[in-house]
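These notes concern the structure reproduced below.
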Amino acid sequence: MCALHSRPMNDWSDDPFESYERESLSARAMAARPAPYLDELNPEQRRAAETLDGPVLMLAGAGTGKTKALTTRIAHLLNSGRAQPNEILAVTFTNKAAREMKDRVGRHVGGVIEGMPWLGTFHSLCNKLLRRHAELVDLKSNFTILDTDDQLRLLKQIIVAENIDVKKWTPRWFASIIDGYKNRGWFPDDVPPSEDKIVHCLPHVTTRVSEGGTGATRQVVDIYRDYQKRLITLNAVDFGDLLLHIVSIFKAHPDVLEKYQRWFKYILVDEYQDTNVAQYLWLRLLAQGHKNICCVGDDDQSIYGWRGAEVGNILRFEKDFPGAAVIRLEQNYRSTEHILAAASGVIKGNADRLGKTLWTAAEGGEKVRLIGHWDGDEEARWIGEEIESYQRGTRGLDPIGLNDQAILVRASFQMRAFEDRFLTIGMPYRVVGGPRFYERMEIRDAMAYFRVVVSEDDDLALERIINTPKRGLGDKALQTINAFARENGVSMMDAARTVVADGAIKGKGAKNLAELLRGIDRWNAIMRWSTQPGPDSDAVIDLDEPMVERPEGLEAPLSHVELAQVILDESGYTAHWQNDKTPEAPGRLENLKELVRALEEFENLQGFLEHVALVMSNETEDAAEKVTIMTLHAAKGLEFPVVFLPGWEDGLFPSQRSMDESGLKGLEEERRLAYVGITRAERHCTITFAANRLTYGQWNAAMPSRFIDELPEQHVEVLTPPGLYGGGFGAAASASPREQAIGASDLMDKASKADVYNSPGWARMQRNSARRSVRQPSEARNMVIDAAATPAFDIGERVFHQKFGYGAITAFEGDKLTIAFEKAGEKKVLASYVKSAGSAGDDVPF
DNA sequence: CTTCGGACTGTTTTT
DNA sequence: CAGTCCGAAG
C-alpha cells in the first residue's frame, strides 16, 4: 500500500466506501421530502424522472430540458430513499457536465452534495476504481496517467528501437490506431488479425529481398504489446487504459464486479450517443444485475465518432435491455422557431436517425442570418461589430451582454482571427479549450519534477527533467543510463543511481546527476514523512509500511504546497528561468507561481497530478463580461442568446478531412455538428462564410458550405455586405474585378465544381497552384494595416529582431532603422521587422 | 554538449 | 506561418 494515502485503502472488502462519505449523507438526505420539483416538469420529463426502476432510454433533443429531467431524477432517487448519494453511479462525458449536474442536484436536495462520489466522467470514475484495484493489473496505486504528449514520446522510443521508419509511420499514426483498438475494448491479444496493420522497417535492417523490396516488417499489434508492457513497467496508464483495465478487472474478478454491481443501485449515463465500445462494455457489466440503468442521449448530437463513439450503442439499447422504457423529450425550451426550423432543415439530410420532432411553443423571433465576406479577417471584423451592436442594443433590441454571446468555430485555428481582431479593438473575450495552461513547457517540466517524486518508476518524467536545467547530461549520458536500465530491467531512476555509483558516467554530469538523485530522494522522504500519520493520529497504520525517518534538516512537516516550492527551488528549476534573459521568462515564472497556487486546492501532489491529467483545463471563474470563443465540440450542452457560426465553407465545414477519411459517415457527423451549432442559439443565430481564407500561411479561395444550401429559405435572412456580393440566396457573387482576379467565379457555379472539390488531393493541388497563381487578396488593405500597425520607435529603444536578436535603435530614417545589435553589430533594417522588446510577449489569457 | 539555422511538415474535433 | 527535427559548427 502506498504511504501517500492517509486513509487506508486496503479494507475495501469490508466497507468498500470510505465511511465518512456515508455519515455525511444519510441523515440529511434520507429524510423523506415532498417532491414539489416534479411539478416543474412537463409530462415526458416527469416520466423520465419518475420511472426509476428498470432500464430507461431517454431520447432528448437539443434544448429539451434533459439535464433538468436527469437531475430531478437523481433528486427523486435520493428523496424517495431508494438510494444514498454514494450508491448512485452517474456518468457524464465532460468534467463541465459533471460539475453542473452536481450543482443542480445539490439545489434540488438542498445543500452541497459532497456525497456523490460516483458522479463524474468515465475517466475520472475509472481512475478512482483503478487506484483501488491497481495491483490486479500489476500496477501500483500511485500510477501515473500519461497525457498525449507522453504517450507519443513513449511510442516513439519503441518505434525507433524497432527500426521502423518513423517518417512514414509516425508515433501519431500508431497512437491513433492503438487508441482505436482501446476504444473498441481490445488489449493486444484481442485485436483480430484482420484489423491489424503491417509496417516496414528501415532499409539498413531489412533482410533484402532482391528486387521486390519486401523487407523486414512488424505488426502494429507487436508495437501495441510492447507499449503496454512499457506502460506497466513505468507504472503508468494512458487514457484508454483507465477504462480497459477496469473492464478487464471486472471480467477476471467476478467477486469484485459483483460488489460494485450491488453497490451501485442506480446507474445514469449522460450523452450516451458518445460512448465507445469500451465504455459500453463497462456500463453493461455494471448494470447486468439490477438493470436500473438510465441512458440519456440524442443521436443527432453524436459528434465524437472520430474518437470511437458508436451511435450504434444508443440505437441498440432496447435490444440490450429488453423492456426498456423509451421516453422522448421533444419540446424545445431554448430557441426561437426560426432557429429550430433551420436546425431541423439541416439535420434532415441525415439518414438513419431515431427521429424526433422538436417543437417549440415560442413564436416569431429573428430569422437565422446569413452573410458572406471577402476573407477571414473581414469576417472577424464584421462579427466584432455585430457583437458590439448587440451589446449596445440595436434594431430595437435590448442590450445583450458579452457573456451572452458566443462564436462557435469548427476548428481551433479559426479562433486566431477573432483573437487578433478583438485584441486590436479591445473587446474582452475568453477562449474555451484554447491554449492550455497545463500544456505549457514550464508547467509540464514542473509537473515532471512532481511526478518523479511521487512515482519513481516514471521514466518519462525523469527523462524530461534530468537535463533541465542543464546538468551536462547529453545524449551519451542518457544512452548509458537507458542501456543499463534495459539490460537489467530496472527503472531509469535505479539505473541512474547505479551508473553514478559505479562511475559509468564521469565528470560534471555525474556530479550533477548525483545531486539530482539526492534531491529526489530527499523530496520523496519529505513527502512521506510529512504525510505519515503522527503518533497521535487515529488513522489506521499499515504495519507493512516501514516508518519513515525524519529527513535531515527538516524540523516540521511540509505541506505539499511548500514541498512543491522546495522542489522547484532546490532543483534549480526556478533559478533556471530567473537566469533566462528571453522576454518570455518572466511570464513563465509567473506561471510557475500560479501552479504552486493551484496546488492549494488539492490534498496532495498526486491528487493534483491526477486532476491535471483528467481535467486538463484550468478554468478560473471570472465573472467579467467577455465574448466566448470556442469550438463546436466544446459548445455541446451549452446555450447562448447570441451565437455566431463563422467559417461555413466547404472543406472547412464540412471538414475536408472528415469527408476524406470517413466519407458519408464523416459528412453526416459534420452535419450533426452543424445541428449542434445552430441549436446552441436561443434568440439570434448568424452564419457566416468567407470567400478567401488564410491557411498554412497561404490564401485559398473557398465556396460556401453545402450546409448553407440545406437551410430552409423561409427561415433565413440573407444580409448583403456592402459592395461584395449581390443579394441572392446562397450568396452568388457579383464579379468585382478583385474577385475575378482570385477566381471567385467558383462562387457562381459551385454545382459544377463540387465534384472536383470533393475529390481527395484537391486541397494539396489547390495549395500548389495557389502558390503560383493566386495573388494574396486585399493586398492593398493589408499594407495599409501594416503601415498603421508599425509601432513608432524612439532612439535608444530596445528592440528584438528575428535574426539579429536584441539591440538598441541608434538612428532612423522613415521606416529604416539603424540598430546596434548586441550580438550582430550595427545593421539597417526595416521597422516592420523588429518588435519593441518592452512588450512582454503575447501570453493570452486562458 | 550545446546552440544555431535551415528544411520540412502539418490543422479538425478531446477525455 | 509555426513548431519540430536534424545536421553542422562552436
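Convention: sequence-line order gives letters A, B, ...; per-chain numbering from 1.
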Problem set entry | Proximal nucleotide (of dT15(B), dT3(B), dC5(C)) relative to the K156(A) side chain | dC5(C)

Exercise. Partners of E100(A) by salt bridge (Lys or Arg N to Asp or Glu O under 4.0 Å), sequence neighbours excluded?
Worked result: R104(A)

Exercise. Could you give the CG-to-C1' distance, from L645(A) to dT13(B), as a whole number of Å?
Worked result: 15 Å

Exercise. For the side chain of N95(A), counting heavy atoms from C-beta on, which of dT13(B), dT15(B), dA2(C) is nearest?
Worked result: dT15(B)

Problem set entry | DNA chain B: 5'-proximal contact among H633(A) and L473(A) (nearest heavy atom) | L473(A)

Exercise. Atom CD of E271(A) and atom C1' of dT14(B): how far apart are they, to the nearest Å?
Worked result: 14 Å

Exercise. So, is R172(A) close to the dG10(B) phosphate, meaning a side-chain N or O under 4.0 Å from OP1 or OP2?
Worked result: no

Exercise. Using a distance-only test with no angle check, is there a side-chain donor-acceptor pair under 3.5 angstrom linking N313(A) and Y272(A)?
Worked result: no

Exercise. Of the nucleotides dT11(B), dT15(B), dT13(B), which one has an atom closest to the side chain of Y696(A)?
Worked result: dT11(B)

Exercise. With a 4.0 Å cut-off on heavy atoms, is N467(A) in touch with a base, just the backbone sugar-phosphate, or nothing at all?
Worked result: sugar-phosphate

Problem set entry | 5'-most by nearest nucleotide on DNA chain B - S662(A) or F122(A) | S662(A)

Exercise. Using a cut-off of less than 4.0 Å, is there contact between a side-chain N or O of N183(A) and OP1 or OP2 of dT15(B)?
Worked result: no

Problem set entry | Ring-on-base stacking dT13(B) with W306(A) (under 5.5 Å, under 30°) | yes

For this session: Give the rounded distance in Å between these two atoms: CG of D149(A) and P of dG3(C).
Result: 14 Å

Exercise. Tell me: CG of L152(A) to P of dT14(B), nearest whole Å?
Worked result: 16 Å

For this session: Just jot down the ring-ring contact (aromatic ring centres under 6.0 Å, His included) partners of H633(A), sequence neighbours excluded, or say none.
Result: Y304(A), W306(A)

For this session: Could you verify whether a donor N or O on one side chain and an acceptor N or O on the other, from N700(A) and R693(A), lie under 3.5 Å apart?
Result: no

Exercise. Using a cut-off of 4.0 Å on non-hydrogen atoms, how would the nucleic acid contact of L673(A) be classed: base, sugar-phosphate, or nothing?
Worked result: nothing

Exercise. Base, sugar-phosphate alone, or nothing: which one does F93(A) contact when heavy atoms must sit under 4.0 Å apart?
Worked result: sugar-phosphate

Seminar exercise, completed: Rounded to whole Å, CZ of F413(A) lies from C1' of dT9(B) at a distance of 16 Å

For this session: Check the side chains of D375(A) and N692(A) for a donor-acceptor pair under 3.5 angstrom, ignoring hydrogens and angles.
Result: no

Exercise. Over how many whole Å does the gap from L146(A) atom CG to dT15(B) atom C1' extend?
Worked result: 14 Å

Exercise. Looking at dC1(B), dT13(B), dT15(B), which one has an atom nearest to any side-chain atom of F239(A)?
Worked result: dT15(B)

For this session: Just compare dT13(B), dT3(B), dT15(B) and give me whichever is closest to any side-chain atom of K470(A).
Result: dT3(B)

Exercise. OP1 or OP2 of dT11(B) sitting under 4.0 Å from any side-chain N/O of T695(A)?
Worked result: no

For this session: Give a yes-or-no answer on whether the side chains of D299(A) and Q273(A) include a donor-acceptor pair shorter than 3.5 Å.
Result: no

Seminar exercise, completed: Taken to the nearest whole Å, CG/L694(A) to P/dC1(C) is 9 Å

For this session: Figure out the NZ/P separation between K182(A) and dT15(B), and round it to whole Å.
Result: 18 Å

Exercise. Is S658(A) touching bases, backbone alone, or none of the nucleic acid, heavy atoms closer than 4.0 Å?
Worked result: base

For this session: Identify whether any heavy atom of R672(A) sits under 4.0 Å from a base atom; if not, whether one sits that close to sugar-phosphate; answer base, sugar-phosphate or nothing.
Result: nothing

